[in-house]
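Residue numbering restarts at 1 for every chain, and letters A, B, ... go by the order of the sequence lines.
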Amino acid sequence: MSQALALFPWAAATWLLAIGVYAIVTSRHYVHLIGCLSVVQSSTYVLLLAVGYRRGAGPPIFYTHPPGTPAVDPVVQALVLTDIVIGATVTALLLAIALQLHKTRGTLDPEKLRPMQR
Amino acid sequence: MTRRARLLLCVLAAACLLPACLHVALHMPPFGAHPLPYGEAINALATRQRHVTNMVSAVNFDYRGLDTLGEEFMLLGAVTGTAVLLRGSRGEQLTARPGRVGNRPVAPRSDAVVLICRALAALTVLFGVYVVLHAMTTPGGGFQGGAIIAAATALIFLGEGYRGWRRIMRTGLLDAAEGGGAALYALCGFAAMAAGWPFLHNFLPLGTPRDVFSGGLMQIENAGVGFAVAGGFAVLFVEFLEETRAERDGDGA
């Protein structure tokens, strides 16, 4: 049972990545595609936090516990923290591009938007 | 490329990648017992070396401070790009009316909503500042606190309506907070260089552990990140909500 549970974080990260990439490939709308990109990105959060987890350890904050008490990895947490903020702003940038695209071309369907087409 | 061909290409790529992925997945260390040499070293040393109790902040603002500077400028780049894309085609009018869908009437806000939003917005800003200030001791920091402060501006929009909200949100001020925060972070690095230390060297007095103002230079970098994130997210709100306002004659397409 614990063996299966131990695989669960990796499986969750893989599933998020796979379902996100599949949805991007078959997407018919750019706003949907940008949402799928966020799903792909969240797989990295799950993966990083799972790598940094240590069984029985506390948070990497030594305010009430003295330094030296078992704690999870602060490096991956710092990575995820900045990743979330950057992800949110990059999503905003992509949505702004989609908005401008809709103004000039009138559609957001990748099938109807051939590259370099006037 | 047709839909079918695209899907076929995706399946082909997945089939090529799958053996490598499986190989890695089967050789992963067990969950919960991953070797963490870098993290363990920081957990063991950072409180003694940098006098802070929040290890995540120690990583963000000191041990990996240069990376955070890069992320800071990615934030600046993304926000600038969004502002250029949306503002460029619209012009900057502060008096524009909000857009409406069809003939749907705009219901007046109840006094209860206005009251709750005003009280909550003030408290949310206060909480955001609290989170920014406690970066070095307890869970907190410029990234989280800045996002909380920016969220308060959405509450102001809910309570005051478009016109009142737009009067409060000075775009120039928000732009200055966004760019100035990133500049402050970079200047911290150059200040250390000017004094003869390596870039971003923590040259200020470190203070005592568990004190809110411990951490030396990390405090200033953290404040810069707080300004940049709060300003950046607020600029994004302004730009996207501006898009919903009604177009008038003489506006660009």
Checklist entry - Going through the checks in order, is the side chain to side chain donor-acceptor pair (under 3.5 Å) test met by Thr82(B) and Glu239(B)? => result CA-CA 8 Å; Thr82(B) 308; Glu239(B) 294 306 330; over 6 Å; no
Quick one: what part of [X] sits under 4.5 Å from any heavy atom of chain B, side chain, backbone, both or neither?
| X | result |
| --- | --- |
| Val76(A) | neither |
| Ile97(A) | both |
| Phe8(A) | neither |

Checklist entry - Do Arg210(B) and Phe62(A) meet the cation-pi criteria used here (NZ or CZ under 6.0 Å from the six-membered ring centre, within 45° of the axis)? => result no
Please classify the contact between [X] and chain A as side chain, backbone, both or neither, with a heavy-atom cut-off of under 4.5 Å.
| X | value |
| --- | --- |
| Tyr63(B) | neither |
| Thr138(B) | both |
| Leu236(B) | side chain |
| Ile42(B) | side chain |
| Val56(B) | both |
| Pro209(B) | neither |

Name the orientation class of the two ring planes belonging to [X] and [Y] (parallel below 30°, tilted from 30 to 60°, perpendicular beyond 60°).
| X | Y | result |
| --- | --- | --- |
| Tyr53(A) | Phe31(B) | parallel |
| Tyr130(B) | Phe127(B) | parallel |
| Phe143(B) | Phe61(B) | parallel |

So which of [options] has the biggest tally of heavy-atom pairs under 4.5 Å with chain B?
| options | answer |
| --- | --- |
| Pro59(A), Ala57(A), Ala78(A) | Ala78(A) |
| Tyr22(A), Trp10(A), Tyr63(A) | Tyr63(A) |
| Leu94(A), Leu99(A), Val85(A) | Val85(A) |

Checklist entry - If you count heavy-atom pairs under 4.5 Å with chain A, which of Met74(B), Arg48(B), Glu72(B), Gln144(B) comes out on top? => result Gln144(B)
Checklist entry - So which of Pro139(B), Gly81(B), Ala147(B), Pro30(B) has the biggest tally of heavy-atom pairs under 4.5 Å with chain A? => result Pro139(B)
Checklist entry - Going from OG1 on Thr47(B) to CD on Gln49(B), what distance comes out if it is rounded to the nearest 0.5 angstrom? => result 10.0 Å
Checklist entry - Pick one: which of Leu93(A), Thr89(A), Val90(A) meets side-chain contact (heavy atoms from CB on, under 4.5 Å) with Val79(B)? => result Thr89(A)
Checklist outcome for this item: Exactly one of Val132(B), Thr124(B), Val125(B), Val229(B) clears side-chain contact (heavy atoms from CB on, under 4.5 Å) with Ile148(B), and that residue is Thr124(B)
Item to check | Pairwise side-chain contact, Tyr30(A) with Pro110(A), heavy-atom cut-off 4.5 Å (strictly under) | outcome: yes
